[in-house]
Amino acid sequence: MEHVLAKTILIDKVIELIANKYKITLEDARDNLYNSSVIDLIDDDETGLYGESPLYVLSLYEKEHL
């Protein structure tokens with residue numbers, strides 16, 4: 001259960017970072033994140049990505065979108 005909470009918090013923070021950095025709405029940032037492969041990594045408990053910092057996850061998102 002704690003993984004679910006950690007994932008929720010992480011996803012919300014990453015969405016905020018994307019929105020702020022790229023000057024887009026939260027809705028657009030959410031769509032962008034959920035359409036990336038990074039969301040699958042966050043959802044996979046075996047990667048442990050849910051325990052990483054939002055900035056690290058943002059860097060993975062940015063690598064995918066270069």
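The chain is numbered in sequence order, starting from 1.
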Scanning both residues in full, the closest heavy-atom pair of Ala29 with Ala19 reads CB-N, 3.7 Å

Do Asn32 and Ile24 touch side chain to side chain, with heavy atoms closer than 4.5 Å?
-> yes

Would you indicate whether the side-chain heavy atoms of Ile11 and Ile39 approach each other to under 4.5 Å?
-> yes

Tyr56, OH atom: more than 12 neighbouring heavy atoms under 6.0 Å | no

Validation row: Leu58, Lys13 side chains within 4.5 angstrom (heavy atoms) = no

Pick one: which of Thr8, Val14, Leu10, Ile9 meets side chain to side chain contact (heavy atoms under 4.5 Å, CB included) with Asp12?
-> Thr8

What distance separates Leu41 CG from Glu64 CD, expressed to the nearest 0.5 Å?
-> 8.5 Å

Transitively linked via ILVMFWY side-chain contacts under 4.5 Å: Ile42 with Val4?
-> no

Considering all heavy atoms of both residues, which atom of Glu52 and which atom of Val57 are nearest to each other, and what is their separation?
-> CB-CG2, 4.4 Å

Run through Asn35, Ile15, Ile18, Thr25 and flag the one making a side chain to side chain contact (heavy atoms under 4.5 Å, CB included) with Arg30.
-> Ile15

May I ask you to test the Leu33-Val38 pair for a side-chain heavy-atom distance under 4.5 Å?
-> yes

Would Tyr34 end up clustered with Tyr50 when hydrophobic side chains under 4.5 Å apart are linked, directly or stepwise?
-> no

Do Leu49 and Leu5 belong to the same hydrophobic cluster, where Ile, Leu, Val, Met, Phe, Trp and Tyr are linked whenever their side-chain heavy atoms lie under 4.5 Å apart, directly or via other members?
-> no

